[in-house]
Structure formats: C-alpha cells, structure tokens
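First the structure, in the form of structure tokens, and then the observations on it.
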Amino acid sequence: MTTAPVRVPGRKIPEWTGFDGLVQLISVDGQRTVGCPYWDLVADVDGDQLRDLYRDLVVVRRIDAEAMALQRQGELALWAPLLGQEAAQVGSARALRPDDFVFPSYREHGVAYCLGVDPVQMLRLWRGAGLSGWDPAVHGIATPAIVVGSQPLHATGYALGVTLDGADSAVLTYFGDGATSEGDVAEAFGFAASYGVPVVFFCQNNQWAISEPVRLQSHTSIAQRGQGYGIPGVQVDGNDVLAVLAATRLALARASAGEGPTLIEAVTYRMGPHTTSDDPSRYRARADDEEWRVKDPLARLSALLHREGLADDAFDHEVASEADAVAATLRAGCLAMPDPEPADVFAHVYAEPHPLLQEEKEGYLSYLASFDEES
Amino acid sequence: MATMSLGKALNSGLRRAMEHDPKVVLMGEDIGKLGGVFRVTEGLQRDFGDRRVIDTPLAESGVIGTAVGLAMRGYRPVCEIQFDGFIYPAFDQIVSQVAKLHYRNEGRVTVPVTIRVPFGGGVGAVEHHSESPEAYFAHTAGLRVVTPSNAADGYRMIQQAIASDDPVVFFEPKRRYWEKGDVEDEDDVDGDIDGERPPAEVPLGQARVVRVGSDATIAAYGSMVATALDAARIAEEEGTSLEVIDLRSLSPIDFATLETSVQKTGRLVVAHEASVFCGLGAEIAARISERCFFHLEAPVRRVGGFATPYPASRAEQHFLPDADRILHEVDRCLQP
Amino acid sequence: MSTHRQFLLPDLGEGLTEAEVVAWHVGVGDEVTLNQVLVEVETEKAVVELPSPFAGTVVELLVADGATVRVGAPIIAIESTADAVAPSGPPQAQLQTQASDSEEKVPMLVGYGPSAAPPSRRRRNGSGHGERSADLPDHAPTAPTAPTAPPRPLAAPPVRFMARQNGIDLADVTGHGPGGVITRENLAAHINGAASEPPHTSQADGETRTPVRGVQKHMAEAMTRSVATAPQACLFLTVDATPTVELIDWLRQNRHFEGLRVTPLAIVARAVVLALREHPALNSSWDEATDEVVTKRDVNLGIAVASPRGLVVPNIKRAQDLTLRELTAALGDQTERVRSGRCSTDDLRGGTITLTNVGVFGVDAGVPILNPGEAAILAIGTLQRRPWEHQGKLALRHLVTLSLVFDHRLADGQQAARFLRDVGDVLADPTNLLAFG
C-alpha cells in the first residue's frame with residue numbers, strides 16, 4: 001500500500017470538515033456508499049490497493065489473535081487486543097507520509113505493523129522482556145503509552161517542534177474514548193489550538209473503557225468535543241477502512257498546510273476484552289457484541305472485494321496463508337526472546353554517568369557473584 | 001565579573017544558554033511579555049522572539065507534556081513552573097514520562113528537559129507559594145534535581161542543567177532571588193572555596209564547602225545555605241568552628257564531599273526548609289551513618305520544617321529553621 | 001520424532017493463583033492443532049479458553065472437569081509432532097524424568113513462572129561482599145578538599161560512650177579493629193591497662209617469642225624514657241616504725257576510721273604530702289623544651305599497684321588537700337578500682353610523685369625508676385620485726401627501709417636527704433604529723 005501524499009484541494013476542505021454526520025464509504029454489507037464527499041480523498045485507491053488494505057487487515061487480526069493465544073499459554077504476561085478495530089488502525093496508518101510521526105496509546109499494534117515495526121518486537125513489553133520494542137526514530141512511532149491520555153500532549157509538543165523547524169510533516173496521536181476524560185487530553189487540545197500546530201487527534205471510540213461505556217465519559221459525540229477548543233471534528237465509521245483512510249488524509253493535509261489540529265472520532269467496537277485480564281461478560285451483553293459483529297471491518301471489505309471481482313477463493317487462501325506465516329514467525333520469535341540480564345535493570349536510567357547508579361549496579365552485581373552457580 | 005542578584009544571574013545564564021544553542025526553547029506561564037513573575041526571563045522574548053520564549057496556556061501538565069514532545073523532536077525545552085505549589089498538576093508528566101522515557105526506550109530517546117521551579121518560603125506568601133517538594137523528585141529515578149544557593153552558582157548551574165542530556169528539576173530559592181553575589185564570566189568559573197582548583201567547570205552534581213570548620217558540619221541547600229552561614233558566624237563568636245556545605249545537587253547527592261567533612265568533624269547537622277519527616281535529611285543521615293559510623297561522635301541531626309503543611313505567613317518563622325534552631329541541633333551534637 | 005509435553009496452567013490475569021476446569025473441548029487420542037481450544041477454565045476474573053501451545057495427539061487429561069488446578073500445575077499431556085517449536089521460556093517444560101509432581105509448585109502471584117520459591121537461602125561462594133553493617137573507614141574519599149587535621153580516632157558510638165563515661169580520650173587509645181577502629185575490647189583493655197588479646201606466643205628452637213603488647217609495652221617505653229632523660233640518684237633510710245604500727249592499731253579502733261582499712265602506706269602518704277611542703281622541688285618536673293623547672297602546686301600522689309594485668313600507677317589528685325582519713329579512703333578506693341579494672345585515663349595521668357610499696361613482695365629496699373616527668377619516687381620496703389637499738393637496749397622493733405630515688409637535676413643530695421629524713425621522722429614518731437601539719 002503506497003502512502004504517497006494525496007493532494008487535498010484547499011477549496012474543498014470546508015466542505016469536508018463541514019460534513020455533518022458519520023463518514024462512511026463502504027456500507028456494512030460491502031457496498032460503496034453514494035453522496036459522501038470523502039470519496040474524492042480516496043479516488044486513487046484502486047483494486048490492488050484495496051486488496052493490500054484487506055491483506056493488512058487480515059494480518060493485523062492474525063497477529064492480534066496469535067498474541068492472545070500466546071498470553072493464554074503463559075508466553076506473554078498481558079495483551080491488549082485490538083479485535084474489531086483493525087480498520088480504524090490500518091486505514092489511518094496508511095494515510096501517513098514518511099516524515100510523519102505517531103504517538104500511540106497501548107493498543108495500536110496495527111498502526112505499528114503498518115509502519116514497519118517487527119511484530120516480534122511489539123511483544124517485548126507485553127512479555128516483560130523489556131520496556132519497549134523499537135526505535136521511535138526508525139519507524140516514526142513512539143513507544144506505547146500506558147498512562148491513559150498522556151501522549152496527546154507529547155504529540156502536541158512534537159508538532160510544535162515541527163512548526164519551529166518550519167517543516168511540513170504532521171503528527172498523529174491515538175487515544176480512546178476513555179482518555180478524552182483525562183485533563184491532559186483537554187490540555188493537549190488547548191495547546192494545539194493555541195499554537196495551531198500540525199497534529200491530528202485520532203480517537204478510537206471503541207465504546208468501552210474497560211467496563212465503562214462511552215456515555216460515562218462524554219455526553220456529546222467525541223468529535224464534537226474539539227469544538228470547544230476551536231478544533232474541527234470528523235466522525236467516521238471506524239470499521240470502514242476507506243472512510244478512515246479518507247478522513248485521516250484530510251486531517252494530515254490540513255495539518256501540513258498549516259491549518260492546525262483536527263479531531264477524528266473513529267466509531268468502532270472493542271470486540272475482545274480490555275486486556276487478557278478482563279472479562280467483558282461481567283458488564284456487557286452478548287447482544288451488543290452481536291450487533292457489532294455484523295459490522296465487522298474485515299467482512300465488509302471482503303464482501304466489497306468479492307462483489308467487485310477483486311478477490312476470489314485463491315486470493316483469500318493466499319492471504320490466510322500469509323497471515324499464518326506471520327503468526328508462526330511471531331510465535332517462534334516470542335518463545336526465543338531472551339530475558340533481560342541483571343545489569344539491564346541499571347541501563348539507561350540516565351543519559352549521563354550517575355554515581356549512585358554506578359555504585360548500586362556494581363554492588364548488586366558483586367552481590368550476585370557472591371552466590372554459588374545455580375545447578 | 002559582575003555583582004548581581006540570583007534572579008539576574010539566572011536570567012544571564014538563560015540568555016547564555018539560548019545564545020549557545022538554538023534548540024533551547026523556554027516555555028511557561030507569563031514568561032514572555034511579562035518576563036516571569038520573578039522577572040527571571042525578563043527581556044528574553046524581546047531578544048529571542050516568541051518562537052523561542054513561549055507563553056503557554058495555564059496548564060502545568062500541558063507545559064511539561066508538550067515539552068516532552070518538543071524534546072523528542074530534538075529541542076531543549078526549559079519549562080518554568082510558576083510556583084512550587086503548582087508543580088503537582090504536572091507531577092504525572094514529570095515522574096511517569098520525563099523521568100522514565102529514556103529508560104523505557106532503552107536509551108534511544110533522550111529528554112533534555114529542564115524544569116525551573118521557584119521554591120521555599122520566607123517571603124510572606126499565601127498558600128501554595130512556599131512549598132519544598134524536592135524530595136518527591138529526588139526520590140524519582142531518572143531525574144536530576146539541583147538547587148543553587150547564590151548568584152554565581154545560579155549562573156553556572158542553569159547553563160549546565162540545560163546542557164545536560166538528562167532531565168533536570170531546577171529549584172530556585174525564591175527567598176534569595178534578590179540577593180546579590182559576584183558572578184564570574186563563563187571563562188573563569190571556579191566553584192571552590194580555596195581557589196586551588198584550576199578555573200574549570202565544576203560538575204553539576206558537586207557540592208561545595210562554603211565555610212571550613214572543625215567542630216561540626218552543617219549540610220544545607222537552597223535558601224538554607226545563607227541561614228547555615230549565619231549560624232556558623234554566630235557559633236564562631238561562641239568559640240565553635242562549623243563547616244558549612246552547600247549540597248547544590250539533591251539527586252545525585254555528592255556524598256564524597258559530605259563524608260570527607262564528617263570524617264574530619266565527626267558531627268553533622270542537615271538543614272532544609274522541607275519537613276524533616278522523610279525529607280532529604282533522612283537519606284543523608286542514613287547514608288552518613290553507614291559510611292561514617294566510626295567517625296561519628298553524635299547521631300546525624302536534622303533541622304527542617306514540621307510535619308505540617310506550610311503555615312500561614314505570619315507563623316512561618318516557626319516553621320522555617322533559623323540560625324537558632326540550627327545551633328540548637330549543633331549544641332546537641334556537641335554535648336558530651 | 002515427537003516429544004511428550006505438558007501444558008502447565010499459566011497465570012492468566014496478573015496475579016491469579018488457580019482456575020477451575022469448566023469443560024474440556026478435547027479427549028484422549030484427539031489430534032489437536034496449534035492454538036486449538038483445549039479447555040475452558042474459570043478464574044477469579046473470567047472464563048477463559050485455553051489454546052493449545054502444541055500440535056499433536058492428546059495423551060492424557062490431567063485435571064478432571066470441575067476440579068481446581070493451581071497456576072503452574074500441568075493440565076494436559078500431548079505427544080507433540082516434530083515441527084512444533086521448542087519453547088525456551090519457563091512454563092512449557094518437556095516432561096523430565098525427575099517427577100515434576102514431587103516438586104511443590106507454588107503459584108506465582110505475578111507473571112507466569114511455575115517454580116516455587118526455594119525454601120532456603122542461596123549458598124554463598126565466599127567472594128565476600130561486605131557483610132558488615134557499616135562501611136569501614138579504609139576507602140579514600142574522593143572529594144577535592146583533603147583534611148588537614150590529623151586523623152580522628154575511629155570508634156562506634158557505644159565505644160565512644162564507654163570512653164566518655166570513663167573519662168578517656170580516644171586519642172590515647174590504640175585501635176586494633178579493621179581500619180584502625182577502636183573496638184570495645186581495645187577500650188576495655190586500655191582502661192584496665194592491659195593487652196586485650198593474649199599475646200600470640202610462638203615457639204621454636206627452645207625459644208618462646210611473645211609479642212610485646214599493652215601494659216608491658218607501655219611500661220617498657222616509660223621506663224626506658226625515664227632512664228634516658230633523668231639522672232637518678234638514690235638514698236636509703238631505715239626507720240624504727242614501731243610507733244606507727246601502734247598508731248595504726250589505735251586508728252583501727254577509732255570511730256573516725258570505722259570501715260576504712262588503715263595501712264602504713266597511708267601514714268607514709270600523709271608524711272610525704274606534708275614533707276613536700278618544705279621540699280617542693282621533689283614535686284616538680286623538668287621541662288626540656290623550655291628549660292624550665294615546673295613546680296606543681298598540687299600533689300597528685302601516684303601509688304604503684306599490681307593489677308591483674310601488670311603494674312599500674314593511678315594517682316590521687318590533690319592529695320595535699322586530703323586529711324589522713326580521706327587519704328586512707330582514697331587509697332582503699334583506688335586499690336579496689338585497679339583490682340576490678342575500672343581505672344580511667346584521668347586516674348592514670350597527671351601524677352607528680354610516686355610511692356611504690358615493694359614491701360608487699362617481701363623486699364627490704366630497692367632502687368625504683370622514676371615515673372617519667374616526676375622528680376621523686378619513694379619505695380617502701382617490708383615492715384618487719386628486727387633487732388634494733390631501743391632506749392639503749394637491744395629490742396625487736398618494727399623496721400622499715402625507705403628508698404628515695406630522685407631526679408638530680410631537680411634536687412641535690414641534701415634536699416633529697418632532708419625530705420627523706422622528714423618522712424622517716426613521721427614514721428619513727430607520728431607526733432611529727434602535728435609538727436608539720
């Protein structure tokens with residue numbers, strides 16, 4: 001899937017941001033919708049690229065499922081599944097340009113995958129082998145943020161840096177519906193609007209913050225919450241990969257054109273638990289899950305592809321095999337991951353030498369050396 | 001060489017840092033046009049522009065969080081928290097993000113953020129304007145915490161803090177902002193009392209023996225250094241010779257200088273404005289007990305605030321240690 | 001080649017300890033694929049489906065439906081096929097011949113390792129990582145300013161307290177602890193004036209070598225110094241002390257001396273103190289450095305005492321101000337303190353003149369060596385009945401010989417003789433105490 005910058009004609013921006021209602025380009029049963037102005041933003045997406053998008057969705061889902069299994073087998077301490085949110089992540093990630101930078105929360109495994117992060121490295125922090133898995137500078141995506149709502153401020157600051165540099169890249173930050181209650185997120189909106197920085201606030205409203213429904217977090221749609229800060233909002237069907245792609249392209253284009261921040265609300269559903277420690281049956285009804293199962297992002301794109309003759313059984317089989325291969329590599333890599341060494345505990349606390357740390361490390365290592373070898 | 005107040009020295013240091021490195025950016029409430037409520041950033045926006053001296057919305061967490069992002073983009077943000085009592089909204093961004101990012105990213109990301117905070121009391125202020133929260137930050141791995149007690153140190157240390165690739169929480173004793181001292185030119189910086197060291201940079205983490213003595217050592221920092229020196233002068237008239245050490249750095253603490261002094265005097269009193277309970281004096285007392293056990297003539301004594309919130313200003317003289325309270329502890333050390 | 005593998009129940013939710021089997025989805029003999037759901041279990045938090053970590057054939061279901069199984073316990077055994085990846089992490093162990101059932105697997109509260117915490121401490125290999133509670137003062141401080149004062153004595157707080165209580169300046173005590181620290185034993189030995197450790201004697205070729213320590217070392221140094229610096233001369237006087245013996249008998253009955261042990265030494269001590277009034281030169285010292293004679297106002301009367309560890313010379317301060325009774329009491333007290341090892345440094349310092357009672361050893365007379373810094377030392381020999389001239393006839397009288405050694409820089413023969421004569425006169429006739437005192 002190419003991520004070439006798409007030309008976003010300035011004159012059409014008010015039309016797009018003025019669009020009131022849910023942006024949807026593919027209906028639930030896999031048909032192209034009519035009348036949504038956002039089609040122009042994805043006019044370039046041809047059959048090959050649609051198939052690539054589908055491949056991404058399938059592989060991302062498979063990675064997620066394999067990680068869940070690995071946790072149930074004791075190979076990961078914890079996993080936060082993205083089941084159901086694949087389109088929201090792939091669609092937005094595939095809108096990014098090479099110089100753009102991403103500040104994720106802790107569930108954006110699909111985004112990291114699209115940015116080239118090795119899936120095995122994604123597992124490192126969930127396995128407890130380390131606290132991060134990749135170099136942010138190499139892939140253009142920061143380490144996952146566990147403190148809810150902390151990262152939009154970082155994204156705003158980074159975007160301020162972009163402005164000070166006079167560059168035209170943009171910053172994309174992900175957070176959930178629950179995060180919009182955090183003060184830091186409000187502050188990020190305030191700072192971003194004040195300074196007019198090139199940041200896109202991407203909220204995956206998956207309807208749940210662990211057991212709390214979104215109604216507890218907000219009494220308006222999340223897309224509207226930016227208005228108080230003067231930030232235009234776009235509400236998009238998060239399970240429609242094309243709609244998400246279009247909306248994100250728009251927002252990124254606005255950003256790099258110096259038009260300031262945009263708030264995107266991708267309406268989706270967290271089909272799985274909050275994390276592997278959670279039991280959704282305690283707070284939500286099977287019926288709700290079923291209501292959203294019919295809106296599944298993979299099913300609808302597959303239906304579109306089949307309907308338009310862009311995919312057949314051979315293609316489906318090929319994609320499934322590819323996903324299996326990725327899963328097998330992931331499993332092998334996870335099981336082979338080395339545990340951290342005692343000295344690693346003391347590494348990288350500071351960038352510059354620190355006498356107390358040096359002393360503690362030497363003390364602890366010599367303490368360990370004072371024991372007999374374990375047989 | 002010039003004589004100037006601590007506030008002016010910090011201003012000069014900031015100016016120097018900004019001239020030296022175009023990536024240094026100041027952020028905070030009211031630091032631009034107003035020049036800061038204590039005028040520490042006076043004139044800097046005029047000279048460097050509003051893209052390098054940035055007034056922020058009234059949101060401390062926002063200031064620090066934004067600084068994190070700026071640092072990841074390659075800048076050296078210098079944030080001002082307007083008053084000690086207002087650092088708490090930013091606490092999470094400081095201890096969860098600023099302090100840990102380098103570690104979490106296994107060294108691949110640095111966070112060269114400096115957070116300037118006026119701290120301490122003795123200025124007759126209303127609530128929340130006289131706090132001493134340094135222990136929370138000294139206790140947080142990943143942060144460096146420093147505090148200058150005088151103009152010369154302020155001038156040098158602010159530049160060092162900004163130049164450090166580690167995050168530094170820089171506490172400025174507001175009570176001493178207006179006190180004047182001699183500030184050396186940057187080519188001639190010498191931090192040592194006896195002048196024997198060649199004029200070279202004194203490391204940011206190094207303490208200083210500001211007064212040589214033999215009967216007991218007083219370790220202090222920030223605004224307490226001047227109080228400790230007052231106590232030492234009084235003691236001298238009474239025939240007691242006190243050595244006074246300005247810690248300057250609270251994380252890391254220069255234990256080597258402290259230990260050398262205690263090995264000489266055998267007695268230590270730690271003085272700080274912050275409450276004694278679980279204050280920095282406790283760490284120092286524990287450490288010196290371990291390291292100088294056989295040199296100690298008396299237990300390490302601590303003098304500081306009580307286990308109360310900071311009181312109303314008309315009662316603050318009861319909370320803040322003065323020379324008498326320091327000498328009271330010194331007396332206890334010297335008792336046979 | 002296939003391997004027999006067990007799936008151990010992992011910690012499914014950040015600190016769970018057990019789960020209950022709700023329903024098996026497979027049976028013995030079934031072929032299972034990787035990740036195929038094997039069983040549903042219920043934990044405190046949720047009902048969870050467990051996917052198979054291996055592909056292969058089910059050999060045995062190790063937990064029954066409805067049973068509770070602890071984290072780390074095996075739930076199923078599968079004969080896995082060749083291409084299953086061998087896990088390197090802790091949980092999925094291959095079946096070892098040592099029965100894993102015998103190993104008590106305690107559920108981990110966090111994470112996913114099944115092994116129990118070992119019940120005993122790990123064995124140390126003696127590479128010695130400081131087991132002392134306090135750091136030793138043998139590290140070089142790295143601070144720039146070096147201390148200019150001489151190093152201070154090192155001692156733990158209880159030892160300092162002990163020194164303070166006994167009036168001892170730690171600078172006078174040698175520390176034999178690690179790093180030169182003064183230990184409690186070192187201080188106690190100093191107080192008692194003796195070596196703390198028994199000297200380590202070594203034997204070879206018919207010779208026994210004993211290291212010189214403590215009191216012996218101190219004594220050797222003092223004696224050598226004394227002889228080297230002061231020219232010492234000696235005078236003898238034998239006295240009929242029978243009246244003194246009678247006086248002592250009388251004093252022992254006297255109510256003012258009740259409870260006190262009066263000895264001839266007390267009378268001699270009183271006589272010496274009074275005689276010094278007339279002969280202050282014998283209570284002086286020679287200051288080499290300034291070329292001055294220092295005459296002391298106070299008579300700090302040193303009494304040489306044999307202690308369990310050797311010779312000690314505590315002194316009674318300002319003996320000139322004490323009555324005979326007080327002097328007697330002080331002598332008794334001092335003897336007692338020395339015997340029980342409770343002398344302080346202060347007791348042992350500052351003496352101006354010394355008496356040494358060689359008589360207790362049954363010796364008539366001697367030529368003692370001056371206590372360094374003093375002008376005179378008087379040895380009192382044994383008090384014995386011997387034939388003597390008394391009132392023109394031969395009689396058995398109580399005789400005692402006094403031997404006075406003096407520093408010939410500070411007094412000449414005549415001065416010394418007069419002093420000795422005065423002391424002897426008191427012993428010969430205690431009424432002289434009234435004449436002097």
Side-chain angles (χ1 to χ4, degrees), chain A residues 101 103 124-125 130-138 142-147 149-165 167 171 173 182-184 186-195 197 199 344-359, chain B residues 22-23 25 27 51-52 54-75 77 89-90 92-93 96-97 99-113 141-144 163-167 203-205 249 251-256 287:
Chain A
F101 199 88
F103 285 86
R124 257 183 114 236
L125 83 94
L131 290 174
S132 69
W134 62 84
D135 185 344
V138 168
T143 304
I146 306 294
V147 177
S150 56
Q151 70 282 10
L153 273 173
H154 305 163
T156 299
Y158 194 96
L160 178 59
V162 169
T163 305
L164 295 179
D165 287 345
V171 182
T173 181
E182 282 281 356
D184 275 10
E187 295 189 21
F189 288 173
F191 274 65
S194 270
Y195 298 139
V197 292
V199 64
D344 293 342
V345 170
F346 300 93
H348 306 301
V349 181
Y350 293 95
E352 296 173 359
H354 192 284
L356 180 63
L357 209 54
Q358 191 60 30
E359 189 188 294
Chain B
K23 291 298 199 184
V25 167
M27 320 169 43
R51 287 166 74 91
R52 294 196 64 198
I54 303 174
D55 276 329
T56 63
L58 210 173
E60 288 74 15
S61 191
V63 171
I64 305 301
T66 305
V68 168
L70 260 179
M72 287 183 68
R73 182 70 186 181
Y75 284 84
D92 180 63
Q93 285 288 344
S96 300
Q97 308 299 330
K100 293 183 167 59
L101 268 166
H102 187 68
Y103 187 73
R104 294 179 57 220
N105 280 281
E106 297 173 5
R108 298 185 200 101
V109 169
T110 57
V111 191
V113 171
L143 295 177
R144 290 185 191 262
S164 170
D165 283 341
D166 283 321
L204 185 57
S249 175
S251 172
I253 293 176
D254 179 1
F255 284 112
R287 172 86 180 204

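Note that the coordinates shown come from a computational prediction; the quantities given were computed from them, not determined experimentally. Letters A, B, ... are given to chains in the order of the sequence lines, protein chains preceding strands, and every chain is numbered from 1.
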Looking at every non-hydrogen atom in both residues, tell me the closest pair between [X] and [Y] and how far apart they are.
X         : Y         : value
Ile54(B)  : Tyr195(A) : CG2-OH, 3.1 Å
Phe191(A) : Gly62(B)  : CZ-C, 3.4 Å
Met72(B)  : Ala142(A) : CE-CB, 4.1 Å

Which bit of [X] is near chain B, if near means a heavy-atom gap under 4.5 Å: side chain, backbone, both or neither?
X         : answer
Glu182(A) : neither
Val345(A) : both
Ala193(A) : neither
Ala347(A) : backbone
Val162(A) : both

(request) Only counting residues at least two apart or in another chain, list the ones meeting ring pair (Phe, Tyr, Trp, His ring centres under 6.0 Å) with Phe101(A). (result) Phe103(A), Tyr158(A)
Contact winner vs chain B - [options], heavy-atom pairs under 4.5 Å:
options                                    : answer
Leu356(A), Val147(A), Ile146(A), Thr156(A) : Val147(A)
Gly190(A), Ser194(A), Pro136(A)            : Pro136(A)
Val349(A), Leu125(A), Leu164(A), Leu131(A) : Leu164(A)

Would a distance-only check, ignoring hydrogens and angles, find a side-chain to backbone donor-acceptor pair under 3.5 Å from [X] to [Y]?
X         : Y         : answer
Glu106(B) : His348(A) : no
Asp166(B) : Tyr350(A) : no
Arg108(B) : Trp134(A) : yes

Any [X] side-chain heavy atom under 4.5 Å of [Y] side chain:
X         : Y         : answer
Thr143(A) : Val109(B) : no
Val25(B)  : Leu160(A) : no
Ser164(B) : Glu352(A) : yes

(request) Look at Thr110(B), Asn105(B), Ile253(B) and state which one has the largest set of heavy-atom pairs under 4.5 Å with chain A. (result) Asn105(B)
(message) Between Lys23(B), Arg144(B), Arg52(B), who has the most heavy-atom pairs with chain A when the cutoff is under 4.5 Å?
(response) Arg144(B)
(request) Report the distance from atom CD1 of Ile64(B) to atom OG of Ser150(A), rounding to the nearest 0.5 Å. (result) 14.0 Å
(message) Within this structure, what is the OG1-NE2 distance for the pair Thr66(B) and His154(A), rounded to the nearest 0.5 Å?
(response) 8.5 Å
(request) Under 4.5 Å heavy-atom distance to chain A, tell me which part of Leu143(B) shows up: side chain, backbone, both or neither. (result) backbone
(request) Identify which part of Ser61(B) has an atom lying under 4.5 Å from any heavy atom of chain A, answering side chain, backbone, both or neither. (result) both
(message) Using a strict threshold of under 4.0 Å (side-chain N to carboxylate O), is an ion pair present between Asp165(A) and Arg51(B)?
(response) no
